[in-house]
Number of protein chains: 2
Amino acid sequence: MVLLDQTRLPGEVVEVRLAAWPQVVGAIRRMVVRGAPAIGVAGAMGVALAARQDAGSSSDDQRAEIRRAAAALRDARPTAANLAWAVDRLAGEAAAHPGPPEALAGALAGAARAVHADEVRRCEVMGAHAGALITRGARVMTHCNAGALATGGYGTALGAVRSAFAADPSLRVVVPETRPLLQGARLTAWELEREGIPYTLIADVTAAALMADGRVSHVVVGADRIARNGDVVNKIGTYAHALAAREHGVPFIVVAPTTTLDLTMPSAAEVPIEERAADEVRDLALFGRPATPEGAPVTNPAFDRTPARLVAAIVTEAGVHRPPYDRSLAAAVAAQEDPAT
Amino acid sequence: MVLLDQTRLPGEVVEVRLAAWPQVVGAIRRMVVRGAPAIGVAGAMGVALAARQDAGSSSDDQRAEIRRAAAALRDARPTAANLAWAVDRLAGEAAAHPGPPEALAGALAGAARAVHADEVRRCEVMGAHAGALITRGARVMTHCNAGALATGGYGTALGAVRSAFAADPSLRVVVPETRPLLQGARLTAWELEREGIPYTLIADVTAAALMADGRVSHVVVGADRIARNGDVVNKIGTYAHALAAREHGVPFIVVAPTTTLDLTMPSAAEVPIEERAADEVRDLALFGRPATPEGAPVTNPAFDRTPARLVAAIVTEAGVHRPPYDRSLAAAVAAQEDPAT
């Protein structure tokens with residue numbers, strides 16, 4: 001499989017070719033590929049790759065390898081719901097498939113492609129739903145990157161921006177840089193520039209002041225996991241933006257596929273929050289000079305929890321969901337499982 | 001005059017020698033010296049330097065040069081109250097002084113030294129007042145650098161931390177890096193390390209999550225200007241921390257000398273907010289790689305406004321002031337002007 005190395009953007013556009021599933025685990029961990037829907041797609045492809053690698057072995061050996069790959073891929077990052085969902089879907093297809101190694105490898109490759117195609121379709125549909133919530137002349141703030149890079153195609157939050165901009169070219173975007181890994185500066189600004197959508201880059205801490213000055217009309221973000229009660233787990237910093245948005249009457253909108261909903265979690269309190277390496281905070285240079293005392297002690301949680309009471313709407317491919325979320329999200333999942341309802 | 005170049009820390013400890021007042025204007029603008037009380041001291045020394053440079057000229061020429069220097073120094077940065085206060089104090093002493101050039105130069109040198117000594121004394125007194133508000137086992141979060149570097153000696157917010165740590169070595173400090181110029185990572189972490197006070201460095205956006213987890217017990221910050229009603233203008237990012245602190249019942253304490261109070265400002269809305277260069281946001285490298293598309297459009301206000309209703313206490317050298325601030329701050333200023341009251 002081939003991935004665009006997101007750690008090298010915006011300076012370099014580099015593709016990496018992954019030939020074996022442990023490389024996929026590494027790429028997910030190092031965030032060569034990142035964004036909840038995109039790592040789901042990568043996880044599915046990793047399982048398919050394991051089946052392909054062992055297509056010449058005995059069926060038992062191949063199936064043992066698929067199980068090993070699935071376990072390692074599922075654990076590569078703990079917070080996003082989509083990764084476990086996609087890996088479990090492929091592992092389930094493998095377990096149910098009666099065929100010999102070569103046939104199983106083909107079936108899983110097809111299943112992984114279907115996961116990818118489904119995510120792209122979901123993003124397009126939810127982008128249109130969410131875009132309709134964005135009023136004319138909007139000043140939309142997003143956080144992190146919930147764009148094409150994060151989703152394998154069109155974007156969740158940035159899909160909504162794209163959809164709204166197509167209808168109203170006076171829309172403008174505010175992009176917080178999103179420390180520590182700067183996905184806003186490195187990826188969202190890069191995507192918006194390529195699309196010709198006007199934006200302003202800010203230090204993350206500037207968001208609340210802009211809201212106080214009336215310079216943000218909507219906050220639109222993606223999510224890594226959404227609990228049954230509507231609590232949202234997303235990139236660290238989302239919660240502070242949600243508090244400021246409530247203070248200034250700015251609607252706070254979350255856009256994510258139903259694969260990000262985790263109805264087994266009663267609230268965000270139960271969702272594990274990944275702690276990442278201290279060097280993500282420390283290894284920074286400003287004007288070419290190192291910015292931090294060497295070896296400074298660091299706390300670096302990658303995500304935070306935004307309580308449902310701060311969320312104006314959750315948008316999935318099933319539509320726009322409003323509080324009380326325990327009811328509306330359950331209905332969204334049911335609708336996806338049985339499209340006739 | 002000799003300054004420690006704060007733009008080079010923590011990598012290099014470099015002193016710069018300023019021989020003429022326009023260099024002092026440049027040093028304040030480029031933030032070689034920064035922090036509201038410290039730029040007040042530098043401004044006073046700049047006026048004294050102008051008098052010294054022209055001590056061999058006619059009295060009229062010297063006094064014209066002092067006025068030019070005072071005007072330029074007062075305008076070097078617009079937001080902090082202390083700079084205008086200190087420059088006006090020196091300019092007032094010059095206007096009232098009857099003597100010839102050499103005597104005037106000597107008098108202003110003495111007055112500048114007095115401004116410095118007064119700021120150090122104020123910090124020590126207010127550090128003790130504020131330190132007493134910090135309970136045992138505290139987890140104190142500060143923002144930016146309101147330490148020795150910012151104040152010419154002891155620190156305002158960090159003076160309170162220092163004072164509280166002396167009484168309770170179980171105190172710990174949370175240090176947000178403070179984008180864009182990273183005064184938390186570059187200066188506060190460096191000061192705490194030298195003092196042996198344990199701290200944890202975080203990306204700014206992590207603050208609200210730590211408060212939600214009960215890992216911050218007090219927020220203690222300095223200020224650049226405080227309006228008559230108790231609104232606080234301080235480093236960009238302070239406002240978001242204040243919103244999160246209120247949400248989680250964490251007391252938000254502001255420590256600043258009475259020279260930071262500006263009773264001529266009814267509220268923070270009237271205080272000018274400095275917009276700084278885009279490159280402060282853009283010229284950043286993560287893991288040695290440039291983090292931002294070249295030429296990305298940027299908004300970079302250096303300060304934000306925290307409304308008085310979010311502030312639990314304002315501490316000056318006159319004591320601990322509580323709401324309603326219009327009364328308590330006016331009393332603090334009156335007490336300083338007439339120490340007998």
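Side-chain atoms are counted along with the backbone in the values below, which use heavy atoms only and exclude waters and symmetry mates.
You'll find the side chain of Met211(A) stays beyond 4.5 Å of the side chain of Tyr239(B), heavy atoms only. In this structure, Glu247(B) and Glu247(A) have side chains that are not in contact, with every pair of non-hydrogen atoms separated by 4.5 Å or more. Asp213(B) is listed as a side-chain neighbour of Arg305(A), based on a closest heavy-atom distance under 4.5 Å. In this structure, Thr206(A) and Arg179(B) have side chains that are not in contact, with every pair of non-hydrogen atoms separated by 4.5 Å or more.
Looking at Ala212(A), only its side chain comes within 4.5 Å of chain B, counting heavy atoms on both sides. Contacts between Thr238(B) and chain A at a heavy-atom distance below 4.5 Å are absent for every atom of the residue. Of the two parts of Thr178(A), neither the backbone nor the side chain holds a non-hydrogen atom closer than 4.5 Å to a non-hydrogen atom of chain B. In this structure, chain B has heavy atoms under 4.5 Å from both the backbone and the side chain of Arg186(A). Residue contact with chain B, scored on non-hydrogen atoms closer than 4.5 Å, involves the backbone and the side chain of Leu181(A) alike.
A pairwise comparison of heavy atoms in Val281(A) and Ala203(B) identifies CG1-N, 4.3 Å as the closest pair. Taking each heavy atom of Pro293(A) and Trp190(B) in turn, the nearest pair found is CG-N, 4.0 Å. Taking both residues in full, the closest heavy atoms of Gly237(A) and Val205(B) are given as CA-CB, 3.4 Å, listed atom of the first, atom of the second, then distance. Here the closest non-hydrogen pair linking Pro290(B) and Pro10(A) is O-CD, 3.8 Å. Summarising the geometry of Glu294(B) relative to Glu193(A), their closest heavy-atom pair is O-OE2, 4.3 Å, with the distance given to 0.1 Å.
Atoms OG1 and CG, from Thr299(B) and Leu201(A) in turn, are 9.0 Å apart once rounded to the nearest 0.5 Å.
Of the listed residues (Pro301(B), Ala296(B), Ala207(B)), the one with the most heavy-atom contacts under 4.5 Å to chain A is Ala296(B). When Ala208(B), Ala285(B), Gly288(B) are compared by the number of non-hydrogen pairs under 4.5 Å with chain A, Ala285(B) comes out ahead. Listed options Thr306(A), Val298(A), Ile202(A) were ranked by heavy-atom pairs under 4.5 angstrom with chain B; first place goes to Val298(A). Considering only heavy-atom pairs separated by less than 4.5 Å from chain B, the leading option among Pro297(A), Ala244(A), Ala189(A) is Pro297(A). Between chain B and the options Asp204(A), Leu243(A), Leu286(A), heavy-atom pairs under 4.5 Å are most frequent for Leu286(A). The choice from Asp304(B), Thr292(B), Leu284(B) that makes the most heavy-atom pairs within less than 4.5 Å of chain A is Leu284(B). Contact count against chain A (heavy-atom pairs under 4.5 Å) is highest for Thr7(B) among Val175(B), Thr7(B), Val174(B), Leu210(B).
Salt bridge status for Glu177(B) with Arg282(A): absent, with no side-chain N to carboxylate O gap under 4.0 Å.
The stretch residues 270-279 of chain B places Asp279(B) near chain A, each with some heavy atom under 4.5 Å from a heavy atom of that chain.
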